[in-house]
There are 2 protein chains.
Amino acid sequence: MNIEQRAIDDKLATIFKVLSDPHRISILRILHENGHEMTCGEVGERLNLAKSTVSYHFKALRKAGLTNTRQVSQTKLLSINETTFEQYLPHFFDVL
Amino acid sequence: MNIEQRAIDDKLATIFKVLSDPHRISILRILHENGHEMTCGEVGERLNLAKSTVSYHFKALRKAGLTNTRQVSQTKLLSINETTFEQYLPHFFDVL
DNA sequence: ATCTTTGTTCTATGAATATCGAACAAAGAG
DNA sequence: CTCTTTGTTCGATATTCATAGAACAAAGAT
């Protein structure tokens, strides 16, 4: 097996690992359904999770390039990173 | 959040969990590129893994419905389960 | 200047995961 | 019947992960 293929498999695996938690899937669905940016707090309330836990998941999603973050004063607005989904997960939201 | 949505998120997360390991991605790519069934041993040799490890990954893939298994005498032939991919992971192999 | 809100980071913990070798099982082959 | 091949299961281990609470930080609001 060659190096490039191995790199692709690693990259995909890391993206799928981020998607392997039900709460993170829920976060993405909520963001998608809402159709606009949401705060960490809003999402946390919907999922009934401690804010530290939500922050942990947000970090994972951001790090994998699945979401964008925009800082507005003391709050942080989350949104879907369409580019990543088009490139690596086409039709993801169709299935959702 | 309603029950059906939660169920979908759980189902998707379990599928993605199976895909969150580079070796399992490689296994699927090898199967797809080969275009026909392969034995546990063939795949294991390509990935340089102990047969117990390969067996472990095969079980995970099978359990998630991502592969089919066909027993022929003492060997076992693996193939992609197209139905599952169409339903939950459309265009997966395009990205690969 | 103090209080409130929003989110991050740290620490601890219990659970799950990937890996291997060894033992085991099933089925042909000699 | 014994040997070989193919794969599964078991036991052990090292690593990673999801979660919560506590402490901290930044930025408004009063």
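Every chain is numbered from 1 and lettered A, B, ... according to where its sequence line falls, protein lines coming before strand lines.
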Between [N] ([atom2]) and [X] ([atom1]): distance, integer Å:
| X | N | atom1 | atom2 | value |
| --- | --- | --- | --- | --- |
| B:Lys63 | D:dT8 | NZ | C1' | 15 Å |
| A:Arg70 | C:dT6 | CZ | P | 16 Å |
| B:Leu77 | D:dT6 | CG | P | 12 Å |
| B:Arg62 | D:dG7 | CZ | C1' | 10 Å |
| B:Lys59 | C:dT19 | NZ | P | 16 Å |

* Sorted by first residue and then second, give each salt bridge (Lys or Arg N to Asp or Glu O under 4.0 Å) pair with at least one member in residues 66-81 of chain B; sequence neighbours left out. =>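 Listed once each, the pairs are B:Glu37-B:Arg70.
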* Is a side-chain N or O of A:Gln71 found less than 3.5 angstrom from the main chain of A:Ser73, in a donor-acceptor match? ->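 Yes, because the side chain of A:Gln71 sits within donor-acceptor range (under 3.5 Å) of the backbone of A:Ser73.
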Write down the atom of [X], the atom of [Y], and the distance for their closest heavy-atom approach.
| X | Y | value |
| --- | --- | --- |
| B:Cys40 | B:Phe58 | CA-CE2, 3.4 Å |
| B:Thr84 | B:Gly65 | OG1-O, 2.6 Å |
| B:Thr69 | B:Arg62 | OG1-CD, 3.0 Å |

* To do: Classify the nucleic acid contact of B:Ser55 as base, sugar-phosphate or nothing, counting any heavy atom under 4.0 Å across all strands shown.
  =>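 Result for B:Ser55 = base.
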* To do: Classify the nucleic acid contact of A:Tyr56 as base, sugar-phosphate or nothing, counting any heavy atom under 4.0 Å across all strands shown.
  =>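 If one applies the 4.0 Å heavy-atom cut-off, A:Tyr56 turns out to touch a base.
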* Asked: Out of A:Val54, A:Thr53, A:Ile30, which residue meets the side-chain contact (heavy atoms from CB on, under 4.5 Å) rule with A:Leu47?
  ->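 The single option meeting the side-chain contact (heavy atoms from CB on, under 4.5 Å) with A:Leu47 is A:Ile30.
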* Asked: Quick one, which residues of residues 13-47 of chain B touch DNA chain D with a heavy atom under 4.0 Å?
  ->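 Of all residues in residues 13-47 of chain B, the ones placing a heavy atom under 4.0 Å from DNA chain D are B:Thr39, B:Cys40, B:Gly41.
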* Structure fact -> The contact string for nucleotides 20-30 of chain C, one letter per nucleotide 5' to 3', using protein heavy atoms under 4.0 Å with B, S and - for base, sugar-phosphate only and none, comes out as BBB-----S--
* Return the orientation label for the B:His91 and A:His91 ring planes: parallel under 30°, perpendicular over 60°, tilted otherwise. =>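 Parallel: the ring planes of B:His91 and A:His91 meet at under 30°.
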* Could you check whether the rings of B:Phe92 and B:Phe85 sit parallel, tilted or perpendicular, using 30° and 60° as the cut-offs? =>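 Ring orientation of B:Phe92 relative to B:Phe85: tilted.
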